[in-house]
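Take a look at the structure below.
Heads up: numbering here begins at 1 and tracks the sequence. Only heavy atoms go into these numbers, but all of them, side chains included; no hydrogens, no water, no symmetry mates.
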Amino acid sequence: MSIFDRLSVYQPYGLAALRIITALLFIEHGTMKLFGFPASQMSGALSPLMLFAALLELIGGILILVGLLTRPVAFLLAGEMAVAYFMAHAPSSFFPAVNQGDAAILFCFVFLYLVFSGPGAFAVDTRKTV
């Protein structure tokens, strides 16, 4: 048994760390659009589509953070990020490093992973009822 095989016992905790950090980063995008915090270069009223995206980022991010309804919410957020990439980033360039779509792609695939893996440790979804 290698040292890496022994790390398997910590898999639920590594998955929880991935879920929590991803959610915190995602929530930041929603608060930036809705409340201007952290400060961004966006100005003026949000279009209905941007308002919808901001609400998904804030509310969906909070649900992912606490691990509530993780799989269906992650599926919805993965779709949002795919749409965001193809609508906002891909038209300007084929290359994600050039079109600044790296984060959208990573969010999309982390959320897609959560659809299949579940939330890991420290999640409302996995709380045992007595």
Which atom pair, heavy atoms only, marks the closest approach of Pro119 to Arg19? O-NH1, 2.7 Å
Going by atom type alone, with no hydrogens or angles, which donor-acceptor pairs under 3.5 Å involve a side-chain atom of residues 20-27 and a protein atom two or more places apart or on another chain?
residue	atom	partner	partner atom	Å
Thr22	OG1	Leu18	O	2.7

Is a side-chain donor or acceptor of Thr126 paired with a backbone partner of Ala121 at a separation under 3.5 angstrom? no
Applied to residues 77-87, the salt bridge (charged side-chain N to carboxylate O under 4.0 Å, His left out) test, sequence neighbours excluded, yields none
Between the OG atom in Ser92 and the CD atom in Gln100, the distance rounded to the nearest 0.5 Å is 7.5 Å
Can I get a per-line list of side-chain donor-acceptor pairs under 3.5 Å for residues 61-78, giving both atom names and the distance, sequence neighbours left out?
residue	atom	partner	partner atom	Å
Thr70	OG1	Gly67	O	3.4
Thr70	OG1	Asp125	OD2	2.8
Arg71	NE	Val115	O	2.9
Arg71	NH2	Phe116	O	3.2
Arg71	NH2	Ser117	O	3.4

For residues 51-58, which side-chain N or O atoms pair as donor and acceptor with protein atoms under 3.5 Å away, sequence neighbours left out?
residue	atom	partner	partner atom	Å
Glu57	OE1	Gly30	N	3.4
Glu57	OE1	Lys33	NZ	2.8
Glu57	OE2	Lys33	NZ	3.2

Nearest non-hydrogen partners of Met32 and Pro38, listed with the distance: CG-O, 3.2 Å
One should read off an interatomic distance between Leu106 CG and Phe111 CZ, to the nearest 0.5 angstrom, of 11.0 Å
Other residues, nucleotides and ligands only: do more than 12 of their heavy atoms fall within 6.0 Å of CD on Gln11? yes
Please give me the minimum heavy-atom distance between Phe86 and Pro91, naming the atom from each residue. O-CD, 3.3 Å
Phe109 vs Leu112 side-chain heavy atoms within contact, under 4.5 Å: yes
Going by the angle between their ring planes, with limits at 30° and 60°, are Tyr13 and Tyr10 parallel, tilted or perpendicular? tilted
Linked hydrophobic residues, Leu49 as query - side chain contacts closer than 4.5 Å: Val83, Met87
Is Leu15 reachable from Val124 through a run of I, L, V, M, F, W or Y residues, each pair having side-chain heavy atoms under 4.5 Å apart? yes
Asp102: partners by side-chain hydrogen bond (donor to acceptor under 3.5 Å, both in side chains), with sequence neighbours left out: none
Quick check: is Tyr85 connected to Phe94 through a chain of hydrophobic side chains (ILVMFWY, heavy atoms under 4.5 Å apart)? no
